[in-house]
Amino acid sequence: MKEKATKLQGLILDNRYKIISKIGVGGMADVFKGEDTLLGRPVAVKILHSNFAGDDDFVARFKREAQAAGKLSHPNIVSMYDVGFDQGYHYIVMEYIEGETLKEYINRHERISIDNAVKFTIAIAEGLEHAHAMGIVHCDIKPHNVLITKQGRIKVTDFGIARAMNAGTTMMYTNSIMGSAHYLSPEQASGKPVNGSTDIYSLGAVLYEMLTGRVPYEGETPISVALKHVRERLIPPTRYNPSIPTLLEAAVIKALAKRPEDRFSNITEMIAALRMSQGFVNSNSGRRAPHDFGTQVLTPVPETSYGDTDDDDEVYYGGEPTQEGWMAKLSRLPQKYILLGAFIVFLLAFVWAFLSFGNFWSNATVDVPNVVGKQVTVAKHILEDNHLRVSVSEVSNPDVPAGQVISQSPEANEQVKEQRTVHLVVSKGVGDITMPDITGMTLDQARSRLKNLGLVIGKISAGTDDSKEDGVILMQSPPGDSKVTKGATVDVTVNRVKSKKVELPNLVGMTVKDAKDALASLGLNAAISGAGDDTAVITQQSPEAGSSLDANTSVALTAEAKKAAPAANTSNSNVTKGTVDITVPSGKANQAVRIVVSDDSGSRTVFDGNAQPGERIVKDVSGTGRVQIQVYLNGALVQDQTL
């Protein structure tokens, strides 16, 4: 902590506490390093600002809450020694901590490991758990109110003042609220009563910042941030730090739920969830510095239903006891019960494996045939004829035709006992893709995200929203969370708030579609003359390339239809050759077999006849360009592959 000179330096309160230097400035009080002259020990003295000292009602509540906080005794809570009034100053005397605030730690470290973030959060939560058990709610949890000693121990501070401001309500001073905007719960921002769930929300915001390097909601003013806590949807932390484990992200999102009843029922349940996630963390994270607003008086935001819900009923935030979650109960079970449960699960798994992985009472073995690439019905017949069992699971795979076996376990040619189960993974073909929410991203970020999913940016249009950053996506079609197929296009509206000059690129030689997209991405419009087909080629443009234009300016383009390319000489085309080698599976006699070859010149049948089970058919095939082989058995497609 940095020490500064102060006009109060040398002041002795109640003939005991000597002021040495100022070490902190807050929205409601200043903190000084002092000395207890009676016991000869360093102390921290918090002196209330004069604008609060003149309110008798506040001072009375301040004293009562300071005395209540003095009852707290926990290694993760800064101890409160004394409270008093002398020489016009209301003050609180607390334990003096050599170290730094969690906010300073976050700013000082380029990266905070996920493991450390979880450990810090659990330590803070354990201190809050003790306070809640004593009937004290902090109401101003933020990194600035968490101290880290030189030995690495976490200490939560500022209990007395935070609770004094929130005795039964967050409202005071003619419809104002107090708190730190970036960590304010929705019920605090709305001026509603609070309980332990408020601390859970604020602690979730602190954990979010440690994991991502940014607070959950940002804005230019404290009021705009408070509004976002009440109304805006939370951006999942994995968008900023993909290495966050799923279990940990779920805990963060639950702690930051808009409605108190949707959060953890109590701080103990949150601790259990965090401890459960500790086995799934790694050490990658990133951070950046957002706006930082301290604890201050804010105007309450208009009442509205939290998040996207339409329920207008009053939400109760009282202190009724709630049932503990299953993770909290599990974390307190005796170790012998956990070990016994694990042994029972292992025993059941062993019995299942003993009965499922082959006939253990027989010495007969069989070589597992290769069924990869075959239709699942054919693969089942082949395996069952070899006295093997079959289990099947289906997955989406755009590169493998539906119904075809992608992989098998055990693999081909492995020697196993009869009646062993062979598991087949079968393709469902092209599956549905969940459209991501790309609003708020730039075009480059959206293109990268969509490319990884096999999707592309389609039509780009311009819009204006002064509350959003310039160049970010305002709307998308199809919307986020909808189902689309691979290769689908996504139309977007990009925010163009600032009127700025853009340099016109060279569009000559581009297709009409590419030219339109290039102009739309710059906020310019296209005026096409000549051929209007998207495949037509731009031959002229006005203004010329390199011109500096205002946004929404129209660019005149002349297009001509694309000339057909001369037919390629077939004799000069690349010829692909290969061999089709199939064995007719067991079944009825005289099975109908047909082999069809398709290439750039068309389709043709190279074999069409009947064959006996076990008969081998070998055909040399060739074709130009992309050559595809299809094998039909009794009218059903059983093999489809490309040479």
Side-chain angles (χ1 to χ4, degrees), residues 182 186 201 204-205 207-209 211-219 224-225 227-259 262-263 285-288 290 304-310 396 398 430-497 517 520-521 523:
H182 285 131
Y201 184 93
L207 177 56
Y208 188 104
E209 181 178 7
L211 292 172
T212 65
R214 62 182 72 203
V215 290
Y217 302 102
E218 294 183 287
S224 66
V225 176
L227 280 169
K228 290 182 178 182
H229 278 288
V230 175
R231 298 176 179 175
E232 284 201 3
R233 178 185 296 180
L234 178 71
I235 297 176
T238 48
R239 175 176 291 190
Y240 306 119
N241 186 358
S243 62
I244 299 173
T246 303
L247 202 60
L248 180 57
E249 181 182 46
V252 176
I253 292 175
K254 186 170 183 177
L256 288 171
K258 301 293 184 191
R259 295 179 177 273
D262 294 334
R263 300 171 202 154
S285 67
R287 57 172 296 275
R288 68 184 186 90
T304 181
S305 55
Y306 298 141
D308 300 326
T309 136
D310 297 321
S396 299
V430 179
D432 289 336
I433 299 173
T434 301
M435 171 64 67
D437 182 3
I438 58 174
T439 56
M441 297 184 183
T442 64
L443 271 176
D444 289 340
Q445 291 171 334
R447 282 195 177 98
S448 176
R449 180 75 182 276
L450 295 177
K451 182 180 179 181
N452 293 334
L453 297 174
L455 306 173
V456 294
I457 293 287
K459 181 181 178 182
I460 302 172
S461 55
T464 301
D465 186 341
D466 294 334
S467 66
K468 304 291 184 182
E469 294 182 10
D470 189 53
V472 301
I473 295 173
L474 299 176
M475 293 185 291
Q476 66 180 93
S477 178
D481 295 330
S482 58
K483 298 295 183 181
V484 296
T485 57
K486 186 175 182 180
T489 58
V490 185
D491 298 335
V492 297
T493 300
V494 180
N495 195 23
R496 298 297 180 194
V497 178
D517 288 345
S521 67

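Between the side chains of Asp444 and Thr442, no donor-acceptor pair is found at a separation under 3.5 Å.
Atom CE of Met441 and atom CZ of Arg447 lie 13.5 Å apart (nearest 0.5 Å). Here the straight-line distance linking atom CG of Asp470 with atom NZ of Lys468 works out to 13.5 Å at 0.5 Å rounding. Expressed to the nearest 0.5 Å, how far CD of Glu249 lies from CD1 of Ile244 amounts to 6.5 Å. To the nearest 0.5 angstrom, Leu474 atom CG is 4.0 Å from Asn495 atom CG. Interatomic distance, Gln445 CD to Leu450 CG, rounded to the nearest 0.5 Å: 11.5 Å. Atom CG of Asp437 and atom OG1 of Thr439 lie 3.5 Å apart (nearest 0.5 Å).
Closest non-hydrogen pair, Ile457 versus Ala446, comes out as CD1-CB, 4.3 Å. Across all their heavy atoms, Ile235 and Tyr240 have their closest contact at CD1-OH, 3.2 Å. The two residues Pro237 and Ile253 have their closest heavy-atom pair at CD-CG1, 4.3 Å. Residues His229 and Tyr201 come closest through the heavy atom pair ND1-OH, 2.7 Å. Of all non-hydrogen atoms in Lys459 and Asp491, the two that sit nearest each other are N-OD1, 2.8 Å. When all heavy atoms are compared, the tightest approach of Val225 to Gly219 is CG2-N, 3.4 Å.
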From CA spacing to verdict: side chain to side chain contact (heavy atoms under 4.5 Å, CB included), Leu248, Leu211
CA-CA 10 Å; Leu248 180 57; Leu211 292 172; 3.9 Å; yes
Can you list the steps and then say if Arg449 with Asn452 is a side chain to side chain contact (heavy atoms under 4.5 Å, CB included)?
CA-CA 6 Å; Arg449 180 75 182 276; Asn452 293 334; 5.6 Å; no
Between Tyr208 and Leu234, does the side chain to side chain contact (heavy atoms under 4.5 Å, CB included) criterion hold? Intermediate values first, please.
CA-CA 11 Å; Tyr208 188 104; Leu234 178 71; 3.8 Å; yes
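Under a 3.5 Å cut-off, the side chain of Arg263 and the backbone N or O of Lys254 do not form any donor-acceptor pair.
The shortest distance between side-chain heavy atoms of Val490 and Ile438 falls below 4.5 Å. In this structure, the side chains of Val494 and Ile460 come closer than 4.5 Å at one or more pairs of heavy atoms.
The number of heavy atoms from other shown groups lying within 6.0 Å of CG (Asp481) does not exceed 12.
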